[in-house]
Structures are given as structure tokens and as C-alpha cells.
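For reference, the structure discussed in these notes is given below.
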Amino acid sequence: MKEDLDKKLTELVGRLQQERDELKVRAHLLKAELREEWDEVESKWDHIEPRLEHLAKDTKDSAEDIGAAVSQVGEEIAHAYRRIRDALK
């Protein structure tokens, strides 16, 4: 179970990092409202990234609860990245 969670989290982080890196290159093109959304998403990313790295070492919480919470935040970030990317097209 922990191995599955670790694999899913690694894949999620990898996808988010790639999307983030691609958008950072184009961030200077963002309009004011997208810039605000970008800043909000960056704040979420800055908050969750260290927790994801620590997650593999944390055994106090159940893997299922942690996985669900991280997946939800990760999907919120991914959705925001998609909205920003689509607005830049």
C-alpha cells in the first residue's frame, strides 16, 4: 500500500513540476488576473512541495488519508495550471 502511494505521489509531483516549469517560462505573458491565479497556485505549490518530500518519512497518519488529501491539493494545482496554460494559447 505504501509503495502504491509513494508511486502515485511521485507521478503527481513529476506531472506538476513539469507543468509548472513549462508555465514559468511563459509567466511573463500572463495578464493581471492570470498573474493573481499564478501567484495563488505558486503559494499552494510552495506549501505542498516540502510536505510531499516529507510524506515518505511520515508514518503517523494513515497512508490513505494522506494520499487523498495530497491528491486533492495536487488536482487543484493541476487544474489551475491547465486554466493558465489554456489562457496563454
Side-chain angles (χ1 to χ4, degrees):
M1 173 104 149
K2 184 168 178 5
E3 294 81 23
D4 290 339
L5 178 61
D6 289 345
K7 182 179 178 185
K8 287 179 182 178
L9 290 175
T10 300
E11 290 171 358
L12 174 64
V13 170
R15 285 192 321 266
L16 291 174
Q17 285 176 329
Q18 181 178 358
E19 185 77 22
R20 180 177 180 258
D21 291 345
E22 291 171 6
L23 288 171
K24 280 179 78 172
V25 171
R26 299 170 59 190
H28 66 282
L29 301 173
L30 297 177
K31 295 180 181 172
E33 69 181 47
L34 289 175
R35 173 60 69 179
E36 289 176 19
E37 185 169 5
W38 173 259
D39 291 342
E40 183 179 315
V41 172
E42 281 294 279
S43 176
K44 285 182 180 181
W45 176 256
D46 291 341
H47 181 74
I48 195 173
E49 185 181 29
R51 291 173 182 235
L52 290 172
E53 293 174 6
H54 180 67
L55 184 61
K57 300 173 189 170
D58 188 1
T59 59
K60 293 180 183 172
D61 297 317
S62 84
E64 188 175 301
D65 291 343
I66 293 170
V70 170
S71 291
Q72 181 179 357
V73 173
E75 287 304 315
E76 288 175 18
I77 292 171
H79 183 68
Y81 284 161
R82 283 190 297 272
R83 282 194 310 269
I84 292 169
R85 182 187 65 234
D86 291 346
L88 287 170
K89 289 183 180 177

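One-based numbering along the sequence shown. Keep in mind that what you see is a predicted model, and the values were worked out from it rather than measured.
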Which heavy atom in [X] sits nearest to a heavy atom in [Y], and how many Å separate them?
X	Y	value
A80	V41	CB-CG2, 3.1 Å
W38	L23	CZ3-CB, 3.5 Å
L34	A87	CD1-CB, 3.3 Å

Tell me every residue that passes side-chain contact (heavy atoms from CB on, under 4.5 Å) with [X], counting only those two or more places apart in sequence or in another chain.
X	answer
E40	K44
V73	I48, I77
E11	K7, R15

Residues that [X] engages under salt bridge (Lys or Arg N to Asp or Glu O under 4.0 Å), provided they are two or more places apart:
X	value
R85	E19
E22	none
R35	none

Distance col, row R26:CZ vs D21:CG, nearest 0.5 angstrom, shows 13.5 Å
